[in-house]
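First up is the structure itself, then whatever we jot down about it.
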Amino acid sequence: MQGAAAVSARALRKVYGSGGAEVEALRGVTVDIEPRRMTAIMGPSGSGKSTLMHLLAGLDTPTSGQVLYDDLDITRLDDRRLTALRRQEVGFVFQAFNLVPTLTVLENVLLPFELGGTKPSREHHAWILERAVDLGIGRLLDRRPHQLSGGQQQRVAILRALAIRPRLIFADEPTGNLDSRSGREVLTLLERATREHDQAVVLVTHDPGAAAHADRVLFISDGAVVHDVGRTDASTLSEMVLALAAAR
Ligand SMILES: Nc1ncnc2c1ncn2[C@@H]1O[C@H](COP(=O)(O)OP(=O)(O)OP(=O)(O)O)[C@@H](O)[C@H]1O
Ligand SMILES: [Mg+2]
């Protein structure tokens, strides 16, 4: 389908809790995430960014509304089919890296293939090793996660998310624990994923410098999209963040 969205949200609502303790984390979000683009999601703490990302990735189900992959509404899939879809179509980089402590770095990176019952081709395997070098973890492939720094573990998690070349990569603060140089390398790699492998990247970040790498920036406030802008420089994004905080 030419020009189709990589994933779409339709009137997404998410209410956590019940009785007197309900929190409406998303209040009817409708948005198309474009293929071959990096989309950043910004907004104050607690505004619903992670909730939106989890729903788009099929990690949680909405209270109402739809999440569409092509014409498939994934909110209607049973657990088994949802797990299969996530393994094939989605890569994740979250704040908790979820590396398996008993596996080496390389085994962790290749885990998505293992789980999906496939093996990378020789070229694909070589490509993964090249990306490891780009990320500065090429010499660490035989180590185990506890023998790495936090920033190195984060880069392993990023490589694992890229490894199967999923159509969608979701990254929640992927540069949060990195120094500025490592952070830029991660962003460059995510940009390359969009251009060279037709992947869509959704990047949740508080950092205007990181969001300035995105083709589009969505601002969320109190569970709703309040701004939707194209590529914008870091200082303009900073001003928008401050204006949003002041308006609350
Ligand atoms: N599992 C949960 N149970 C109950 N409330 C939750 C749960 N997850 C999130 N919330 C609430 O939903 C709202 C949105 O949370 P969310 O994690 O999406 O915010 P966020 O924009 O990602 O914030 P941050 O920038 O701090 O990561 C918050 O009020 C939060 O407390
Ligand atoms: Mg969050």
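Each ligand, and each atom within it, is numbered from 1 in the order the structure gives. Just so you know, residue 1 is the first one in the sequence shown, and it goes up from there.
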| message | Please report whether ligand 1 has a polar contact with Gly46, defined as an N or O pair separated by less than 3.5 Å (distance criterion only). | response | yes
| N/O separation below 3.5 Å, Gly48 to ligand 1 | yes
| field | Distance-only donor-acceptor check, side chains Asp233 and Ser235, under 3.5 Å | value | yes
Under a 4.0 angstrom heavy-atom cut-off, which atoms of ligand 1 come close to [X]?
X: Val23; value: 12 (O), 29 (O)
X: Ser47; value: 19 (O), 21 (O)
X: Pro44; value: 21 (O)
X: Ala25; value: 12 (O), 13 (C), 14 (C)

| message | Test of understanding: with salt bridge (charged side-chain N to carboxylate O under 4.0 Å, His left out), list the residues that count as partners of Asp32, not counting sequence neighbours. | response | Arg10
| With distance as the sole test, does Gln154 use its side chain to make a donor-acceptor pair with the main-chain N or O of Pro174 at under 3.5 Å? | yes
| Counting N and O atoms only, with roles assigned by atom type, does the side chain of Thr232 sit under 3.5 Å from a partner on the main chain of Gly230, one being a donor and the other an acceptor? | yes
| remark: Of Val15, Leu52, Thr51, the residue with the heavy atom nearest atom 18 (O) of ligand 1 is Thr51
| request: Using heavy-atom distances, let me know which of Gly223, Ala21, Ser221, Ser50 sits nearest atom 22 (O) of ligand 1. | output: Ser50
| query | Should the pair Arg81-Asp78 be classified as a salt bridge under the 4.0 Å nitrogen-to-oxygen rule? | reply | no
| query | What about the rings of Phe113 and His124, do their centers lie closer together than 6.0 Å? | reply | yes
| said: Please determine whether any non-hydrogen atom of His206 lies less than 4.0 Å from an atom of ligand 1. | reply: yes
| said: Does the residue Gly17 have a heavy-atom contact with ligand 1, meaning some pair of atoms that are separated by less than 4.0 Å? | reply: no
| said: Do Leu55 and Val7 sit in one hydrophobic cluster, given that two such residues count as connected whenever their side-chain heavy atoms are within less than 4.5 Å of each other, even indirectly? | reply: yes
| field | Pairs touching residues 17-30 that satisfy side chain to side chain donor-acceptor pair (under 3.5 Å), sequence neighbours left out | value | Arg13-Glu24, Glu24-Arg27
| said: Using a distance threshold of 2.8 Å, state whether an N, O or S atom of Ser50 lies below it from the Mg ion (ligand 2). | reply: yes
